[in-house]
Structures are given as structure tokens and as C-alpha cells.
Amino acid sequence: VIVGNEAGFFMGKILAVRDFLLERVTRAIDSDDERNTVSALLFGVRGGMRGERRQKFVDSGTVHLFSVSGMHVCVLAALLLFLLKAVPFRMRYLLLIVLLGAYTLCTGANPPAVRAFFMIFLYAAGKIFLRETPTVELLGAIAFVMLLANPALLQDTGAQYSFFITAILLCAGDGVRKAGPGGVELLMTNEEAHRFRRKQKIARLLPDAFFFCATAFLASVGISLLAGYRIRPGSVIVNLFFAAGAVPLFALGTAGCAFPCLGNICRNA
């Protein structure tokens, strides 16, 4: 009972911080619908979204954005690493673990978000102790532990999407890296090779983004059919644009916490 009370007190404090941040971000937004949409996108708080507004996202194949998932956690991790660049190396990754853990808890700790958090947690721990972390093997280990703790996740559609699609994307990412120019760089100086890799990365940004969005969609088709969901191929393009806007949205949301007047910019984004 004591442990339960302490856990409840701890969660209450985290949710109070979440509510404070949401109030700061949405303070300058006049429309309730817009305010509720921003709250749902950033923290998965969907209680205020009206039926017809939510249906528009269902029809476009992007309703998953309102259930905090691995994408939200990864985008926030990338933003935090950028903001913490001035912090000493080990402390940077320790703060990343703490802040991401708090975010995952206050958004409801959905299985996809928990999966992403643990992957980033082990990745960050590897950085702290200067060790490499194998990605696919890591995903399998996390799936095993989470299923051991809660076997019902095997029937959870969100968990199925998260683990299966992530596994496919990791394997596809390995294939994309191996298909790179490779040996061409051996004929260049270090400076030339650096410029070459940077140009290649920029040139491949949009094709790679489309490839991974399409791969994620194809990987989800089987699960969607078994769950009785509608299949919308057009969601590949829609999700591509949403993915491109995710980092600016989180950045604006973070800025909105410090400068509430930016709330309308966050809404329009």
C-alpha cells in the first residue's frame, strides 16, 4: 500500500508538470479545437477532441499521431540531444534518459512508447559506458521482457505495429546502408570523403524518407487487415509530410513552454 501511494504521488507530480507545460504551450491559442489538437499531438491527451475532427485524421490514415508512440519519443530524443549539446557527454545521455522517462510516463506509457524508451535507454547507457548497442537484437530482447511482464501485449494491436514495423525498418535500414557507395570513399581524402557523405545524405533525404514511410505502411498491412482496419495507401504521403513537420512541431512546443506567445505558431504548424 505504501509503495502504491508513493507511486501515485510520483505520477501525480509528473502529470502536474505535464498539465503545466500544456497550459504554457496552448495559452495563446484561442480555439478549443486547436488547443485540444496540439495537446493530443504533443502529449496524447485526446479527451477533448471532437468526433468529427478525430474522424478526419482517421480518414487520412494519421490518427496514430494522437497516440504517443515511438515516433514521438524518438523525435523528442533527437530534439533533447540537440538542446543538450553543450552538456558534458555522459551527463547529456543521463539527462536524456531521465527526461524521456518522465515524458513516457506522463503520456500514458503506451507499449510503443515504452518500447522506444527502452531502446533509447539502452542506447544511451551504451554511450555512457562507451559500448555499442546492436539494434535488432536489442528490439528482440525488449519484446521478450515486455511480453514476459505482460503476455496480453501479444494481442495488443499497438504493440504488434510497434515491434513488427520497427523490426522491418531496422532491417531495411541495414540494407540501405550496405547499398551505399562504400568503396568509392577509399579513393578520397578525409575532407573529400566528409563532403561526399554530406552531399549523399542530403540528396537521399527525401527518397529515403519516402522509402521508410512506404516500408512502414507495407509492414502494417497484414496487422491492419487482421484487426479489421481500413487500408489507405495515400497515408504514405500524408505521413511523410507529418514526419517532416514532427521535429519543428516539438521544437515549437518546447519553445512555447518558455514563450507562451508562440502558441499560435505551434497551432498553425
Side-chain angles (χ1 to χ4, degrees), residues 37 40-47 49-77 103-105 107-122 134-176 207-246:
T37 300
L41 281 169
L42 293 179
F43 284 94
V45 181
R46 294 175 290 174
M49 287 191 67
R50 295 179 182 175
E52 62 272 15
R53 190 174 185 83
R54 185 177 184 278
Q55 189 60 42
K56 292 179 181 179
F57 290 96
V58 172
D59 294 337
S60 68
T62 56
V63 71
H64 62 89
L65 294 170
F66 298 104
S67 177
V68 172
S69 64
M71 185 197 77
H72 294 71
V73 177
C74 290
V75 167
L76 182 59
Y103 175 74
T104 303
L105 284 174
T107 56
N110 294 324
V114 172
R115 184 269 309 161
F117 168 72
F118 277 121
M119 289 195 72
I120 295 172
F121 169 82
L122 293 174
T135 52
V136 178
E137 293 85 348
L138 196 61
L139 179 66
I142 293 171
F144 175 78
V145 172
M146 289 181 65
L147 284 172
L148 198 63
N150 184 10
L153 288 178
L154 196 60
Q155 304 297 324
D156 184 271
T157 305
Q160 292 170 7
Y161 277 131
S162 180
F163 282 101
F164 184 69
I165 293 175
T166 301
I168 295 297
L169 290 175
L170 288 175
C171 293
D174 288 340
V176 169
D208 283 356
F210 178 80
F211 169 76
F212 285 114
C213 281
T215 301
F217 169 76
L218 292 173
S220 70
V221 168
I223 299 173
S224 298
L225 289 174
L226 289 174
Y229 297 155
R230 286 177 288 183
I231 307 297
R232 295 188 177 277
S235 64
V236 172
I237 302 297
V238 178
N239 278 284
L240 182 62
F241 283 104
F242 266 100

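Hydrogens, waters and symmetry mates are skipped; everything else that's a heavy atom, side chains included, is used.
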Quick one: closest heavy-atom pair of A172 and T215, and the distance?
CB-CG2, 4.3 Å

L169 CG to T135 OG1 distance, which is reported to the nearest 0.5 Å
11.0 Å

V114 and A109 have their tightest heavy-atom pair at CG2-O, 3.5 Å

Under the rule for side chain to side chain contact (heavy atoms under 4.5 Å, CB included), what residues qualify as partners of F117, not counting sequence neighbours?
I97, L100, T104, F121

Show me the donor-acceptor pairs, under 3.5 Å and distance only, between side chains in residues 158-166 and residues at least two apart or in other chains.
from: Q160; atom 1: NE2; to: L154; atom 2: O; distance (Å): 2.8
from: Y161; atom 1: OH; to: S224; atom 2: OG; distance (Å): 2.5
from: S162; atom 1: OG; to: R115; atom 2: NE; distance (Å): 2.8
from: S162; atom 1: OG; to: R115; atom 2: NH2; distance (Å): 2.9
from: T166; atom 1: OG1; to: R115; atom 2: NH2; distance (Å): 3.2
from: T166; atom 1: OG1; to: S162; atom 2: O; distance (Å): 2.5

Tell me, do Y229 and T157 make a side-chain contact under 4.5 Å, heavy atoms counted?
yes

Please tell me if the side chains of M119 and L170 come closer than 4.5 Å, counting only heavy atoms from C-beta onward.
yes

Hey, what do you get for CD1 (I120) to CG (L138), rounding to the nearest 0.5 Å?
10.5 Å

Using 0.5 Å steps for rounding, measure from the SG atom of C213 to the CG atom of L218.
11.5 Å

Are I142 and L122 side-chain neighbours, meaning at least one heavy-atom pair lies under 4.5 Å?
yes

For A141, what residues pass the side chain to side chain contact (heavy atoms under 4.5 Å, CB included) criterion, not counting sequence neighbours?
none

Given side chains that start at C-beta, do those of I231 and F217 come closer than 4.5 Å, heavy atoms only?
yes

